[in-house]
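A short write-up of the structure that comes next.
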Amino acid sequence: MNRLAHETSPYLLQHAENPVDWYPWGEEALARARDEDRPILLSIGYAACHWCHVMERESFENPMTAALMNERFVCIKVDREERPDLDGIYMDAVVAMTGHGGWPLTAFLTPVGEPFLGGTYFPPEPRHGLPSFQQVLVAVSDLWRERREDVTRRTEVLVDALEQAAAARPSGEPLTESLLFEAVRRLEELLDPEWGGFGRAPKFPPASALELLLRRGAAEPAEKTLDAMALGGMYDLVGGGFHRYSVDEHWLVPHFEKMLYDNALLVPAYLHGWLVTGKERYREVAEETVEYMLRDLRLPDGGFASSQDADTDGVEGLTYSWAPGEGAPEELFEPFEDGRFILRGELDAETRAGLLEIRADRPQPGLDDKAIASWNGLALAALAEAGRRLARGDWVDEARTLAEFLLGPLSDGERLHRSRRAGRSSGTGFLDDYANVAHGLYELHVATGELRWLQESRRLALLAVELFGDHEHGGFFLAPKDGEQLVARKKDLFDHPVPSGNSMLAYVLLRLARIYGDDELEQGAVGVLRLLGESLGRGASEFAWALNALDLYLAPPREIAVVGPPDSEVARAALEPFDPNAVVAFGPAENVPLLEGKDLVEGKPAVYVCERFACQRPVTSPEELAALAS
């Protein structure tokens, strides 16, 4: 056993019995590197990563390779999900050096953490133009010992580039509707006309882009993608929920890992697709995905696990694929590999239940059972909105339990932790933790009408501005100002595969600004949008959630103040339509500006529809509300 045996991360624990003398990231490892003047071999991955498992089997479990690593390097293993700051910095460096990135990430650093070489997966023997991992180890070690000046030049260039990226200045160009029109046009150009999605294989679920299309009235490209993804393959027809991505253009053969964040983002995407188009299949997919999350990812302490592995017993997709005679309808078989098949088509509820029972008796993929605040914030938003829109009070109760977990065990009472596992919380919260949890708490306020969740959403958003804000250039850093000092401080601006902390916090700040009448919150959001500037129109896929925030910013303000419970007829009527640019607050409450002076009307629940706090007369029935809108 090496030092990783004392960690909580399932990914690190997977490597605890390697013959490699692994360290977790920390002062012990860095001090040894400095004292012995050794380069650092930094390996970053995550528990559900297929190629991480492959490289472990081929190299890290190989005694000769491990001996070479131990002899020449200080070896550090990092879970990218626990330390997105480290992953972001060193991934940017590797992409700058090689033109591509991915996991496992392999970076070589000076003893003070400056990157000078790197790559991703390296095979045990030379193949496909890649050197063997042992060859890489020897070459890098020789470079460090014999050509130190070359290493120094490399580190200076890379660190300078990382620092300049974080210091990018905001655009002075106006933020206009033309950026949104250009982004939608760009997505329509990129659309696969037959199978949906944007671009060629591999295809990842574009949840944020779908949200943009739906809110901008571009339903056709959204429908094509929602329809194709739900056919089966990447979507699990038997158990519900989505696998990580499709290796082909047809959304058929998936990379079988299942991530909490994908499913948490696709629940509202399918819900909104149902509201816009009326297609019942979208509602079914949303329901089945929530059921999957609650069944397979729900943890005993109230949070949700991060992911399920792609592999079962070392074989990718073994749990999810079928062979003839195993009970699945063979007319739905699509070829996979090794005589096994993937299901695509329609399954009635009885057949689904039967197949799920059969599948439950098989060996199951590994579960990364750490709860990450950021992804649980997305799950909270999905549960709360799905529970509200589908009248599932039990799901709203689950959302409340999740919120208590986030504000309890995943918090020190004020600040969020990054993750929790086995009764231990680890690491400081990052920007995306605060942004996503604040987003989820707002959605829980709308679902329950309980003022506490709105107040907590605002508290975390204001704390995020304080901890992460760049008051010189705008936007927000990934790590807090009082966090560990790394070689650079990174801003994450890309919304793929999940909304960046910058985009989500901008979205949250805009909603809260309209409820609280707070111009400073709005300007914090605008600072993010100005950092992206004209890139918003050209980078529709890369910045899709930021574009959703821009759409909210440019939309005429529409505030809905509800006094009374959310299950009143007038409240349900007010919140039933898909109106993504409206903000909602429930009262009575005198300490929320939108709600000040608003009360029940003759003892009845009331809805006040406002624009910039100028409100129309309150209504107490769905009929009055409809007349008001006409």
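Not measured: the values here are computed from a predicted model. The basis for the numbers below is simple: all heavy atoms, side chains too, and nothing from hydrogens, waters or symmetry mates.
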Side-chain H-bond candidate by donor/acceptor type, Ser59 with Thr65, under 3.5 Å:
no
Lys370 versus Tyr11, side-chain donor and acceptor atoms under 3.5 Å
no
Compute whether any side-chain donor of one residue and acceptor of the other, for Asp309 and His53, lie under 3.5 angstrom apart.
yes
Which residues satisfy the salt bridge (Lys or Arg N to Asp or Glu O under 4.0 Å) test with Glu257, sequence neighbours excluded?
none
If only side-chain N and O atoms count, and only distance matters, is there a donor-acceptor pair under 3.5 Å linking Arg421 with Thr8?
no
Donor + acceptor pair across side chains of Gln164, Asp160 (<3.5 Å):
yes
Are Ser500 and Asn502 close enough that a side-chain donor and a side-chain acceptor fall under 3.5 Å?
no
Test item: side-chain donor near acceptor, Trp103 and Asp87, under 3.5 Å
yes
Using 30° and 60° as the class limits, which term best fits the ring planes of Phe133 and Phe60: parallel, tilted or perpendicular?
perpendicular
Centroid-centroid under 6.0 Å between Trp375 and Tyr261 rings
yes
Taking atom types as modelled, find out whether Thr289 and Asn263 have a side-chain donor-acceptor pair closer than 3.5 angstrom.
no
Residue set satisfying side-chain contact (heavy atoms from CB on, under 4.5 Å) with Glu404, at least two apart, ordered chain then number -> Arg452, Trp453
Can Arg459 and Glu456 be said to form a salt bridge (charged side-chain N to carboxylate O under 4.0 Å, His left out), step by step?
CA-CA 5 Å; Arg459 180 183 69 81; Glu456 288 289 347; 2.8 Å; yes
Please tell me whether Asp495 and Ser208 have a donor and an acceptor in their side chains that are separated by less than 3.5 angstrom.
no
Can you see whether Lys77 engages Ser43 through a side-chain donor-acceptor pair at a distance of less than 3.5 angstrom?
yes
Phe108: ring-ring contact (aromatic ring centres under 6.0 Å, His included) partners, not counting sequence neighbours:
Phe73
Side-chain donor-acceptor pair under 3.5 Å between Arg420 and Ser425, yes or no?
yes
Between Asp311 and His50, do the side chains contain a donor N or O and an acceptor N or O under 3.5 Å apart?
yes
Name of the residue among Phe198, Phe543, Phe204 meeting ring pair (Phe, Tyr, Trp, His ring centres under 6.0 Å) with His496
Phe204
Donor + acceptor pair across side chains of Thr155, Thr152 (<3.5 Å):
no
Side chains of Arg3 and Tyr23, donor plus acceptor under 3.5 Å:
yes
